[in-house]
Amino acid sequence: MPTALEDVVELARRRGFFWPAYEPYGGAAGLYVLGNLGVRLSAKIAQLWREYFVTPFNFVELDTPNLVPAPVLEASGHVSNFRDPMAECSSCHRKYRADHLLADAGSKLGEGSSLEEMEKELNSLKVKCPECKASQWTVRPFLTMFDTKLGPYADVTAFLRPETAQGTFVEFKRILEVERERMPLGVAQIGRGFRNEISPRQGIIRLRELRMMELEVFLDPEKPECQYLDRADEKTTLRILTEKARVGGVTEPEEVSLKEALESETIKLEWLGFLMLQSKKFMLALGVPPPSIMFLEKLKEERAHYSTQTFDLEVNLNELGWVEVAGLAYRTDFDLKSHTMKTGVDFSVSVQLPAPIKRKVRRWFIDIEKLKKAYPVEWRSMMKEYGSIKEREGEPPSSLAGVSVEPSLFTIKETEESVNVRKFIPHVVEPAFGVERLMLASLLYAYTTKEDRTVLRLPVEIAPQDVAVFPLISKEPMIKTAIEIAEELRKAGLAVFYDESGTIGRRYARSDEVGIPFAVTVDGQTEQDGTVTLRDRDSWTQVRVSRIQLGKEILNRKTA
RNA sequence: GCGACGAUCGUCCAGUCUGGUCUAGGACAUCAGCCCUCCAAGCUGGUAACGCGGGUUCAAAUCCCGCUCGUCGCACCA
C-alpha cells in the first residue's frame, strides 16, 4: 500500500510537477527539475506569498545576484559559520566531523576551537580512526557554501549565495534612498539559494539548490511597534513550542493569541509576532489545516549566528514528520553592522527629531604658530597625528607623536550646537520560506482520493491550471467547438487544459488528478443552444452555462 | 561524510539463490486507432527496463569488485 507521500511524488513526476535532475547521467543528489505544472505552482505560490508579505504593506521587491564576492559573506559571518571542521584520516582518507571525534575522545575542544587546535589535539591525543585505527589527522574546513572564481584570477573568490538576505542588506542604502527613507521598510526577495548539503535527502525536502522567498523588514529599534497589529484578528491563534518549554522537556506546543504571546514576551518583538501570524495565514491559504501548523522556537545552540530569537514554522507532513517550511528570525542589527564594519559604509538611517536638541560643546584646537616655535623640528609629525584625531571634544591630548604637549598650546572654543536628527542602524526581522517545501506541503494536503481516483484539491489560487475543456465524445463537431472554447478562455487570461483522448470519464480523472478546479464539456446540446456544462472538481456537480458567459463565470468562481 | 539496506519498462511485480531456454514476462499507466452522448468501460496495435564501470566465464539481469543514486539513522538546514 503506497503512502500518500509516495503517491504524490509519483504523481509529481508523472504529470510534470517535479522530478530529480540529470537522470540520464545517473542523477545528482539534491537537484530537482520543475516541470510545467511545477513552474506554474511555484509561480502561484510566490504570487500568493506576495499577497501575504509584500503588497498589503507597500513593501518592495529586489533581485540581487546569485554570485556573491567572498568579502560580503566574510562580513556576514557565513564564511566562518557556514562550515564544519572535517578531520581526514591520513591513511584511509575517511572523513569525520573533527569536533565529534574530539568529543568522543573526551577532549575539551569543541566547535568553537580553531582548526589548528583541533588538528593538534587529535594528533597529540592519538585519536584513532574509527575505521582503520590509524591516528594521523589533518583537519580542514568543510564549507557548506559553493565557491567559485570570478573571472580568470584565482584570488577573486565568490560564493553562490546561501540565502538571498545578504544581497538585500548590501543594497540597503540604495533601496532606502529610492524609497525615500520610509521606516519600517520591507524588502522582499524571491530567488535561489545554494547550500552544499553534506547529505541531501528526502527528495525535494533537502536540496542543494532551492527557491527561497525572504522578506527583510527593517525597523527603527526605538519604534519597534508594528502598525498593522490591529489587522491581526484574535481568532487566528499561534501554536508555539517555546525555548523555555523545550529546555524543560515539554513537547506539546501551547496555543496562544498573538496578543498573549507578545504580552508574556514569548515573542520578543511585535513585528516578529505579526509576521508569524501572517505566516500562519499563508499556510492556511495553501491548504494546511491549523493543527498541522506550529512554531518551534530555536534553542540558543540551534540558532544561526545572526539571530537573537528564531521560530521555525513547521508543518506536519505525516510520514515525513514535522517539516520546517520557514524560519522567522529576529536578526537585530547584526548584518548591517557587520557590513559597516567591513566596508566603512554607513548603513544607518537618520530621522528628524521633533525638536532639535541643543547642547554646549567644548572643542580644543592647537595653536600652530606656538607649536612651530616650541617644537621647530618635531611639529610636522605632531601635526600629522593631530590631523588624524577626529574627536576634539573634552580634554586635549597630553602628547602628540610621542612628544608631550603643554595645555597652553591649545585653545578652547565653546559653542552651542543643535542636533536635528537621530541616527540608528535598523533592526531586521526576517521570515524566510522554502518554495519546494511549500509545494510539497500543498500537494500533500490537497491529495485526496474519491472512488479510487486521485483528486488534488489544491486551493483555487494556487492550482497550476484554471480550467479543462473537453468534447463529450471525440467527434466533430464537438471537437471543433471545444477547441474554439479553449482558445476563447485562453484569450480571457485563463490557463486552459484541452484533452480529447480516451473517454469523458478518463478526461475528468486526468484533470482532477492535477487539481484543475473546473471542467467545461461540449456536448450535443451545445450545437442547439450554445450552452456547455461546467463541472466542479471537488463536488463533481455540473451546471449548464452559456458559452458567452463562460469566461466571466469561471473568473467569478475563481475569486469567490 | 559514516553506518545499514536497496536498485529490472513511467509505476508495481516476476526472473537472480541454482549463469544458457531472457531477443527479459505480466499488470496498470502512456501513445495510435476502433468504439464511445457525462466520470479511469471494452477491443486492436505500438513505445518502453536489467543504474554506471570493471572483472570471472564459452556464456552474466543472474557470480565478484568499485562507483553512482535512493531509503533510513547520525550530523546540517529553508
Side-chain angles (χ1 to χ4, degrees), chain A residues 1-2 6-7 9-11 13-16 19-20 22-31 81-84 86-89 93-97 99-101 111 129-131 142 144 162-165 192-214 298 302-304 310 312-315 319 323-329 430-438 440 450-455 470-475 478 501-513 519 521-527 532-533 535 537 540-542:
Chain A
M1 175 85 181
E6 286 164 347
D7 281 349
V9 167
E10 151 66 7
L11 174 68
R13 176 173 32 211
R14 192 160 43 78
R15 297 302 303 271
W19 59 85
Y22 304 115
E23 283 184 308
Y25 285 86
L31 301 177
N81 288 295
F82 254 66
R83 58 173 74 227
D84 298 327
M86 206 68 115
E88 182 174 343
C89 170
H93 298 287
R94 278 174 221 272
K95 288 167 181 170
Y96 306 91
R97 281 280 296 261
D99 49 328
H100 293 174
L101 286 177
E111 247 182 306
C129 171
E131 275 309 310
F142 175 74
T144 46
E163 57 172 6
T164 67
R192 292 180 193 241
F194 305 82
R195 292 172 187 184
N196 200 1
E197 293 290 341
I198 296 169
S199 152
R201 211 56 82 58
Q202 300 177 82
I204 210 163
I205 293 288
R206 181 165 292 110
L207 296 168
R208 290 204 164 116
E209 179 174 343
L210 56 131
R211 289 167 180 78
M212 308 176 113
M213 302 189 293
E214 297 189 311
K298 300 303 270 184
E302 295 171 338
R303 281 198 296 264
T310 301
D312 278 352
L313 169 52
E314 299 201 334
V315 167
E319 51 263 74
V323 170
E324 179 188 359
V325 295
L328 292 105
E430 172 200 79
F433 284 84
V435 177
E436 285 85 355
R437 289 186 180 185
L438 293 176
L440 185 63
K450 180 165 180 173
E451 296 174 16
D452 283 332
R453 293 179 0 188
T454 298
V455 180
F470 312 127
L472 181 59
I473 55 167
S474 38
K475 272 189 177 162
M478 289 183 200
S501 88
T503 55
I504 188 66
R506 179 169 294 238
R507 301 198 275 263
Y508 285 140
R510 270 197 280 255
S511 79
D512 285 344
E513 188 182 52
T521 303
V522 173
D523 58 17
Q525 202 178 321
T526 309
E527 276 306 289
V532 293
T533 62
R535 169 186 180 272
R537 175 193 68 198
W540 294 4
T541 54
Q542 291 178 312

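Each chain gets a letter, A, B and so on, in the order the sequences are listed, and its residues count up from 1.
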Considering only B:U37, B:C39, B:C69, which nucleotide approaches the side chain of A:Arg453 most closely?
B:C39
Taking the P atom of each, how far is B:G45 from B:A4, in whole Å?
50 Å
Answer yes or no: is there a donor N or O on one side and an acceptor on the other, between the side chain of A:Glu436 and the main chain of A:Arg211, under 3.5 Å?
yes
Return yes if the base of B:C36 and the side-chain atoms of A:Ser474 contain a donor-acceptor N/O pair under 3.5 Å, otherwise no.
yes
Which of these passes side chain to side chain contact (heavy atoms under 4.5 Å, CB included) with A:Thr521: A:Val532, A:Ile504, A:Thr526?
A:Ile504
When you compare B:C63 with B:C12, how far apart are their C1' atoms, in angstrom units rounded to a whole number?
27 Å
In this structure, how many angstroms lie between the P atom of B:U37 and the OH atom of A:Tyr508, rounded?
14 Å
Could you state the CG-P distance from A:Asn196 to B:A78, rounded to the nearest angstrom?
16 Å
Residues A:Arg195, A:Glu209: salt bridge by 4.0 Å N-O rule
no
Donor/acceptor link under 3.5 angstrom from A:Arg195 side chain onto base of B:C77
no
When the distance from CD of A:Glu163 to P of B:C76 is rounded to whole Å, what number comes out?
18 Å
From the list B:G10, B:C38, B:A78, which nucleotide is the closest neighbour of the side chain of A:Arg437?
B:A78
Are any non-hydrogen side-chain atoms of A:Glu451 and A:Trp540 less than 4.5 angstrom apart?
yes
Would you kindly compare A:Asp452 and A:Val325 by the position of their nearest RNA chain B nucleotide and give the one closer to the 5′ end?
A:Asp452
When all nucleic acid strands are considered with a 4.0 Å heavy-atom cut-off, which category describes A:Arg211: base, sugar-phosphate, or nothing?
nothing
By side-chain hydrogen bond (donor to acceptor under 3.5 Å, both in side chains), which residues pair with A:Glu163, not counting sequence neighbours?
A:His78, A:Gln166, A:Arg331
Which residues share a salt bridge (Lys or Arg N to Asp or Glu O under 4.0 Å) with A:Glu314, sequence neighbours left out
none
Mark yes or no for a side-chain to base donor-acceptor pair under 3.5 Å between A:Arg535 and B:C39, with no hydrogen or angle criteria applied.
yes
Which nucleotide in B:A40, B:C36, B:C38 has an atom nearest any side-chain atom of A:Ile473
B:C36
Who pairs with A:Arg537 by salt bridge (Lys or Arg N to Asp or Glu O under 4.0 Å), at least two apart in sequence or on another chain?
none
Between B:G10 atom P and A:Asp7 atom CG, what is the distance in whole Å?
19 Å
Please convert RNA chain B into dot-bracket. A pair counts if it is Watson-Crick or G-U wobble with both distances under 3.5 Å; crossing pairs go in [ ] and bases paired with another strand get |.
(((((((..((((......[....)))).(((((.......)))))....(((((..]....))))))))))))....
Let me confirm one number: the CG-CZ distance from A:Asp512 to A:Arg507, rounded to the nearest 0.5 Å.
13.5 Å
Separation of the C1' atoms in B:G42 and B:A48, to the nearest angstrom
24 Å
Salt bridge (Lys or Arg N to Asp or Glu O under 4.0 Å) against A:Arg437, all qualifying residues, sequence neighbours excluded:
none
Expected rows: protein N/O vs nucleotides 30-33 of chain B N/O, under 3.5 Å:
residue : atom : partner  : partner atom : Å
B:U30   : OP1  : A:Arg510 : NH1          : 3.0
B:U30   : OP2  : A:Arg506 : NH1          : 2.5

Roughly how many Å apart are B:A27 and B:U44, using the P atom of each and rounding to a whole number?
11 Å
Quick one: label A:Met478 by what it contacts on the DNA or RNA (base, sugar-phosphate, nothing), any heavy atom closer than 4.0 Å.
base
How many Å lie between CZ on A:Arg507 and C1' on B:C36, as a whole number?
9 Å
I'd like the P distance from B:C35 over to B:A60, given in whole Å.
49 Å
Can you check the distance between B:U47 and B:G6, where both ends of the measurement are the P atom (answer in whole Å)?
34 Å
Heavy atoms under 4.0 Å, any strand shown: does A:Glu513 hit a base, just sugar-phosphate, or nothing?
base
Give one of base, sugar-phosphate or nothing for A:Gly524, where a contact means two heavy atoms less than 4.0 Å apart.
base
To the nearest Å, how far apart are A:Arg14 CZ and B:C12 P?
11 Å
What distance, rounded to whole Å, do you find between the two C1' atoms, one in B:A75 and one in B:A61?
37 Å
May I ask you to check if A:Arg535 and A:Tyr508 form a cation-pi contact, with NZ or CZ under 6.0 angstrom from the six-membered ring centre and within 45° of the axis?
yes
Does a side-chain N or O of A:Lys475 approach OP1 or OP2 of B:U37 to a distance below 4.0 Å, or not?
no
Integer-rounded Å distance: B:C77 P and A:Leu207 CG
16 Å
With P as the reference atom in both, quote the distance from B:A78 to B:C17 in angstrom, rounded to an integer.
49 Å
Donor-acceptor pair (no angle test) under 3.5 Å: A:Gln542 side chain, B:C38 base:
yes
Does B:C36 have OP1 or OP2 sitting under 4.0 Å from an N or O in the side chain of A:Thr503?
no
Under a 4.0 Å N-O cut-off, is there an ion pair linking A:Glu513 with A:Arg453?
no
From CG of A:Asp312 across to P of B:C76 the rounded distance in Å is 13 Å
Need one value for A:Glu214: base, sugar-phosphate or nothing, where a base atom within 4.0 Å counts as base even if backbone is also close, heavy atoms only.
nothing
Beyond-backbone contact of A:Ile205 with A:Val323, side-chain heavy atoms, under 4.5 angstrom
yes
